[in-house]
Amino acid sequence: QVRLVESGGGLVQAGGSLRLSCAASGVTFNVKATGWYRQAPGKQRELVATIDRSSSTNYADSAKGRFTIARDNAKNTVYLQMNSLKPEDTAVYYCNAISSFNHNYWGQGTQVTVSS
């Protein structure tokens, strides 16, 4: 089992920045990739960014150039630095981890609200 706890969400004005954190605990050695997803009201959950064991990253087009995903292996924590935030970035952001057996784990989510 892997437990994920997100933090760092909040209210920010358009153009501002936030850094989300996802702290993992449990059987973390079995995690092959970690990512951030988001879900806005009335919309499906969508990928924001992922990072794998070799620190290879993948970003949604909407995140490229503005968001950066990074990991601190010593702290079992993955970060999402979000810059130049837009009102359309408003959503609940979820941390995800995928194990070597392709089992998905999710955090409880953290709200990000960007005001115009």
Side-chain angles (χ1 to χ4, degrees):
Q1 289 287 337
V2 176
R3 182 170 180 252
L4 304 172
V5 179
E6 302 103 331
S7 61
L11 173 64
V12 64
Q13 288 188 332
S17 299
L18 283 174
R19 188 178 79 156
L20 306 182
S21 300
C22 172
S25 60
V27 188
T28 57
F29 71 87
N30 207 25
V31 171
K32 65 179 181 179
T34 306
W36 288 95
Y37 289 72
R38 67 187 184 186
Q39 187 166 19
K43 295 188 178 181
Q44 290 188 330
R45 191 172 297 188
E46 63 178 7
L47 169 73
V48 177
T50 62
I51 186 167
D52 66 15
R53 285 175 174 165
S54 63
S55 294
S56 293
T57 58
N58 178 53
Y59 293 92
D61 287 343
S62 60
K64 289 178 181 177
R66 300 188 300 127
F67 295 1
T68 302
I69 190 169
R71 61 190 300 157
D72 184 333
N73 291 330
K75 296 182 178 180
N76 282 332
T77 300
V78 172
Y79 303 97
L80 183 69
Q81 178 67 44
M82 303 187 295
N83 298 327
S84 302
L85 282 162
K86 305 174 182 179
E88 50 264 43
D89 294 317
T90 295
V92 177
Y93 284 69
Y94 295 93
C95 183
N96 168 268
I98 300 176
S99 75
S100 297
F101 302 103
N102 291 325
H103 186 93
N104 273 280
Y105 298 92
W106 294 94
Q108 81 285 356
T110 186
Q111 177 70 45
V112 171
T113 303
V114 184
S115 63
S116 57

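Residues take their numbers from the sequence shown, with the count starting at 1.
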- Note on the structure: Correct closest heavy-atom pair for S99 and K32 would be O-CE, 3.4 Å

- Query: Is a salt bridge present between D89 and K86, judged by a nitrogen-to-oxygen distance below 4.0 Å?
  - Reply: no

- Message: How close do A14 and S116 get, counting heavy atoms only, and between which atoms?
- Response: CB-CA, 4.4 Å

- Item | Close side-chain approach of V12 and S17, heavy atoms under 4.5 Å | no

- Item | Straight-line distance of T57 OG1 to K64 NZ, nearest 0.5 Å | 10.0 Å

- Message: Please check: side-chain N/O of R53 versus main-chain N/O of F29, any donor-acceptor pairing under 3.5 Å?
- Response: yes

- Would you give the length of the straight line joining atom CD of Q44 to atom CD of Q39, rounded to the nearest 0.5 angstrom? 8.5 Å

- Item | Lys NZ or Arg CZ of R19 over Y79 ring: under 6.0 Å, within 45° | yes

- R3, CZ: over 12 other non-hydrogen atoms inside 6.0 angstrom: no

- V78 side chain reached by W36 side chain, heavy atoms, under 4.5 Å: yes

- What residue among I69, V112, T68 forms side-chain contact (heavy atoms from CB on, under 4.5 Å) with M82? V112

- Note on the structure: Minimal heavy-atom distance between A97 and L4, with the atoms involved, is N-CD1, 3.7 Å

- From T110 atom OG1 to L18 atom CG, the distance as rounded to the nearest 0.5 Å: 9.0 Å

- Query: Does a side-chain heavy-atom distance below 4.5 Å link L47 with N58?
  - Reply: yes

- Are a donor atom and an acceptor atom from the side chains of S100 and N30 found within less than 3.5 Å of each other? yes

- Item | Heavy-atom closest contact (A24 atom, V2 atom, distance) | CB-CG1, 4.5 Å

- Message: Tell me the closest heavy-atom pair linking N76 and T28, and the distance in Å.
- Response: ND2-OG1, 3.6 Å

- Query: Is there side-chain contact between C95 and W106, with at least one heavy-atom pair below 4.5 Å?
  - Reply: no

- Within a strict 4.5 Å, meaning less than it, do heavy atoms of the Y93 and E6 side chains meet? no

- Task: Group every Ile, Leu, Val, Met, Phe, Trp and Tyr by side-chain heavy-atom contacts under 4.5 Å, then state whether I51 and Y94 land in the same group.
- Result: no

- Item | V92 versus Q111, closest heavy-atom pair with distance | CG2-OE1, 3.2 Å

- NE2 on H103 to CD on Q1, rounded to 0.5 Å: 6.0 Å

- Within 6.0 Å of NZ in K75, more than 12 heavy atoms from elsewhere: no

- Any side-chain heavy-atom pair of L85 and F67 under 4.5 Å: yes

